[in-house]
**Student:** 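Take this structure first; my questions come after.
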Amino acid sequence: MASVDRKAVAAVLEDIAAMLELKGSNAFKVKAYENGARAILAFPGDLHAAVASGELKKVPGIGPSLFSNIESLVTTGSLPYHEELRAQFPPGLRECLRIPGVGARKVKQLHDALGIDSIEALERICLEGKLAGVKGFGARSAEKILRGIAMLRATAGLHYYTRARRRADEVLDLLQRTGLAARLQVAGSLRRRKEIVRDLDFVAASGRPEELGRAFRDLPWVDEVTADGPTKTSVRFADGMAADLRVVSDEDFPAALQYFTGSQEHNTQLRARAKKMRMKLNEYGLFRADSPEERVPAASEADLYRALGLDYIEPELREGLGEIEAAEHGELPRLVSEEDLEGVIHVHTTESDGRDSLEVMVEAAREVGYSYAAITDHSKTAGYAGGLNEERVLAQREAIRALRQRTPGFRIFHGTEADILADGSIDYGDEFLANFDLVVASVHSRFGLPRAEQTARLVKAIRNPRVAVLGHPTGRLLLSREGLDADVEAVIDAAAESGCALEINGSPERLDLDWRHCRRAVEKGVLFSIDPDAHATREYSYVSLGVGIARKGWVTPQSTLNAKTADELEAWLIKRRGGSLPDL
DNA sequence: GCCGTTTTCGGCCCGACTGTTTTCAGTCG
């Protein structure tokens, strides 16, 4: 049987949606396929099993038709309906949909009028000045499309959260200094703490919108102004990042902030709810449906949610994945926050590939406010990272013993980030692992193993009682490397069963485990270790990125390993390994 | 194509901006 994972299924559904759009099908049918793709990506269980049992039919957004399509895909590896559609459209035509500012209607029109069937053909027509003849396209259309093509090629416009956050803070600072904004906040996916951000959204309350808009256009990084209306200004910075500013009245601000925080899907559901309750929600406020002039008073986002019969929903949760239902029933979790963290796990020093010494890393952890740190340098297999052989481990143990004497009131756990070998065993061997207080086990090699082998490898490591934490579980690198191919659901089940914690690695390029997987794991009782993977003192700040991902994944303090106190962690470690920690 | 405490048929979120138009369709979020 062909192995079709959820990403592949979602990609097919998205492809179908794109082609239905090109066909000019009912927009809601298109939407249904897009929603289906999202639902599959977010579906936490085993897709094959859910198809076999029919459980998938119960997932919102998967109706009879989508179910049978998905069933065909996972059981036979292909879908005739998809093939039929593909045969009708050249692949280049679907590529054209990715150009910003170019949608299905325009692509279809250009295909019909000029036979354009690829981005290259479209570019040529624009350059040759042959576009303006087509009805609906004028002199400026070609220019705009060419810019869109350039943009698409440049970066695909995606940015790490950290980079976007830094730029957003700079923008907020400069706009704040103008004194033109009574209220000013960043919204959008950045506020929702998505790991990857496409553009920045700012919302302001101001009595002088034109001046504020001008200040926005005049920001030092602005390369191009892409939209410029009385309430909305869009720019692109020289580094390719796009940013929007919306200016509203003070009274409208809460609704505007809510609206521009999104996500699209969350807002769609929220508006449908408002409508059902005979109200109307838009970016200016909440109104009575039968008397549109009558505003439902709301001084804050919390007021808006309350008026809709909902508990306040934290921005991180607003992904349209059941948070509204949970808020309705008072079942939202108390999300973990940085204040809940008692200690830091997964810390490197100069002994392997860190840039600061043991003493400096420990002191910095104490200054951050932690009451313990688990030092986890690389293991012997990681020669490229200066990994420690057994002899050096024992020497480090002595160094830590000595440092403990000089660091009263602060607990130092001696750990390792040990390599999981291809067969799932840990490179030091189980016996030697007993020398550590805490073992983080990670995959650093053989990413290409077949799925079944890769899964078995991770499960074996998780079931090893010496292993406390599975480090960066999928090994992905955002924007550059797919994670290893493993059955995450099986990994989660193994963690739940054995009690091994899964890491939420806060390194900006990792943010692994992905938040989409966390929620199901939390429900199953899995513990998470929210770690910086720090290679220098300043990288302790990565913990806050990990916390953002944990919050998106509905992780609570109770589900967080390093929200335990030092004593609790020690007790947990002893229980996990079924024996005492090394006598130090 | 999906969905149901108005409904198994008839809805499906809503508005700003652009570029082309003289009243609007397309795109985006």
Side-chain angles (χ1 to χ4, degrees), chain A residues 13 16-17 20-21 23-39 57-70 81 96-110 131-145 147-148 157 187-189 192 197-201 203 209 213 225-234 242-248 252 255-256 258-287 289 292 308-309 318 320 324 328:
Chain A
L13 297 181
I16 291 173
L20 289 175
E21 227 182 337
K23 269 176 82 117
S25 301
N26 181 320
F28 296 109
K29 183 171 172 177
V30 174
K31 191 86 185 159
Y33 275 94
E34 287 172 350
N35 285 341
R38 281 185 63 258
K57 284 180 194 162
K58 292 188 214 141
V59 173
I62 308 294
S65 185
L66 261 69
F67 179 82
S68 101
N69 285 346
I70 294 164
Y81 178 50
C96 289
L97 291 175
R98 295 173 53 218
I99 303 169
V102 178
R105 309 303 275 266
K106 285 185 185 171
V107 169
K108 187 173 180 343
Q109 200 176 351
L110 291 171
L131 193 70
V134 185
K135 182 169 156 45
F137 292 85
R140 304 172 76 173
S141 300
E143 198 186 318
K144 191 180 171 190
I145 289 173
R147 275 207 312 273
S189 54
R192 300 201 313 278
V197 173
R198 190 176 286 278
D199 53 18
L200 305 178
D201 293 290
V203 181
V225 177
T226 50
D228 183 17
T231 69
K232 177 185 169 183
T233 307
S234 301
D244 287 341
L245 171 70
R246 298 288 293 238
V247 186
V248 298
D252 295 343
Q258 192 288 317
Y259 176 78
F260 291 111
T261 296
S263 63
Q264 187 82 13
E265 195 50 39
H266 176 85
N267 284 355
T268 300
Q269 293 175 16
L270 205 60
R271 286 172 179 218
R273 181 180 175 84
K275 191 167 179 174
K276 203 181 289 178
M277 295 174 75
R278 305 202 54 74
M279 290 186 270
K280 185 177 78 163
L281 181 65
N282 60 27
E283 57 259 61
Y284 300 110
L286 185 62
F287 303 90
L308 292 167
R318 301 181 196 170
I324 292 178
E328 178 178 7

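Order of the sequence lines sets the chain letters (A, B, ...), proteins ahead of strands, with each chain counted from 1.
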**Student:** Can you tell me, in whole Å, how much space there is between the P of B/dT8 and that of B/dC12?
**Tutor:** 16 Å

**Student:** Using a cut-off of 4.0 Å on non-hydrogen atoms, how would the nucleic acid contact of A/K135 be classed: base, sugar-phosphate, or nothing?
**Tutor:** nothing

**Student:** Any side-chain to backbone donor/acceptor pair from A/S189 onto A/R192? Under 3.5 Å, distance only.
**Tutor:**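 Answer holds: no.
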
**Student:** Using side chain to side chain donor-acceptor pair (under 3.5 Å) as the criterion, list what pairs up with A/N26, not counting sequence neighbours.
**Tutor:**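 Side chain to side chain donor-acceptor pair (under 3.5 Å) list for A/N26, sorted by chain: empty.
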
**Student:** Return yes if some donor-acceptor pair links the side-chain N/O of A/R246 with the main-chain N/O of A/A256 below 3.5 Å, else return no.
**Tutor:** no

**Student:** Write down the distance separating the C1' atoms in B/dC17 and B/dT23, rounded off to the nearest Å.
**Tutor:** 16 Å

**Student:** For A/Q269, answer base if it contacts any base atom (sugar-phosphate contacts may also be present), sugar-phosphate if it contacts only those atoms, and nothing otherwise; contact means non-hydrogen atoms under 4.0 Å.
**Tutor:** nothing

**Student:** Can a donor-acceptor pair be found, under 3.5 Å and without considering hydrogens, that links the side chain of A/T226 to the backbone of A/S234?
**Tutor:**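 A pair under 3.5 Å: yes.
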
**Student:** Distance under 4.0 Å to a non-hydrogen atom of chain A counts as contact; along DNA chain B, which nucleotides mark the start and end?
**Tutor:**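 Range of nucleotides touched by chain A: B/dG1 to B/dG29.
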
**Student:** Could you check A/A104 against A/Y33 and say which one's nearest nucleotide on DNA chain B is further toward the 5' end?
**Tutor:**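 Looking at DNA chain B, the more 5' nearest nucleotide goes with A/Y33.
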
**Student:** Starting from the 5' end of DNA chain B, give me the residue, A/N267 or A/P60, whose nearest nucleotide shows up first.
**Tutor:** A/P60

**Student:** Distance-only, no hydrogens or angles: does the A/E21 side chain make a donor-acceptor pair with backbone N or O of A/G103 under 3.5 Å?
**Tutor:**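 Not at all, since once roles are kept as given, no pair shorter than 3.5 Å links the two residues.
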
**Student:** For a quick check of understanding: with a heavy-atom distance under 4.0 Å over all strands, which category does A/L20 fall into, base, sugar-phosphate or nothing?
**Tutor:**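 Nothing: the residue A/L20, judged by heavy atoms under 4.0 Å, touches no strand.
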
**Student:** Tell me if B/dT7 is syn or anti. Syn = glycosidic torsion within 90° of 0, anti otherwise.
**Tutor:**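 Here the answer is syn: the torsion falls within 90° of 0.
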
**Student:** Could you please name the partner base of B/dC9, counting Watson-Crick and G-U wobble pairs only when both distances are under 3.5 Å?
**Tutor:** B/dG4

**Student:** What integer number of Å spans the P atoms of B/dA16 and B/dT22?
**Tutor:**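 Their P atoms lie roughly 22 Å apart.
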
**Student:** Write down the distance separating the P atoms in B/dT20 and B/dC28, rounded off to the nearest Å.
**Tutor:**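 The same atom, P, in both gives a distance of 16 Å.
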
**Student:** Classify A/V30 by what it touches in the nucleic acid, base, sugar-phosphate, or nothing, heavy-atom distance under 4.0 Å.
**Tutor:** nothing

**Student:** Just to be sure I understand the rule, does A/N26 reach a base, reach only the sugar-phosphate, or reach nothing, if contact means heavy atoms closer than 4.0 Å?
**Tutor:**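 Here A/N26 touches the bases of the nucleic acid.
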
**Student:** What's the gap between B/dG10 and B/dG19 when it is taken at their P atoms, as a whole Å value?
**Tutor:** 41 Å

**Student:** Any side-chain to backbone donor/acceptor pair from A/E283 onto A/Y259? Under 3.5 Å, distance only.
**Tutor:**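 Such a contact is absent between A/E283 side chain and A/Y259 backbone.
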
**Student:** With the threshold set at 4.0 Å, does a side-chain nitrogen-carboxylate oxygen contact exist between A/R38 and A/E34?
**Tutor:** no

**Student:** What is the nucleic acid contact for A/T231, judged by heavy atoms within less than 4.0 Å: base, sugar-phosphate only, or nothing?
**Tutor:**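 A/T231: backbone/sugar contact only, no base atoms under 4.0 Å.
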
**Student:** On a whole-Å scale, what distance lies between the P atoms belonging to B/dG1 and B/dT6?
**Tutor:**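 It comes out at 27 Å once rounded to the nearest Å.
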
**Student:** With sugar-phosphate meaning primed atoms plus P, OP1 and OP2, does A/Y259 contact a base, only sugar-phosphate, or nothing at under 4.0 Å between heavy atoms?
**Tutor:** base

**Student:** In whole Å, what separates the C1' atom of B/dC13 from that of B/dT27?
**Tutor:** 16 Å

**Student:** Grab the two heavy atoms, one from A/K135 and one from A/Q109, that are nearest each other, plus how far apart they are.
**Tutor:**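 Heavy atoms only, the tightest pair is O-NE2, 2.7 Å.
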
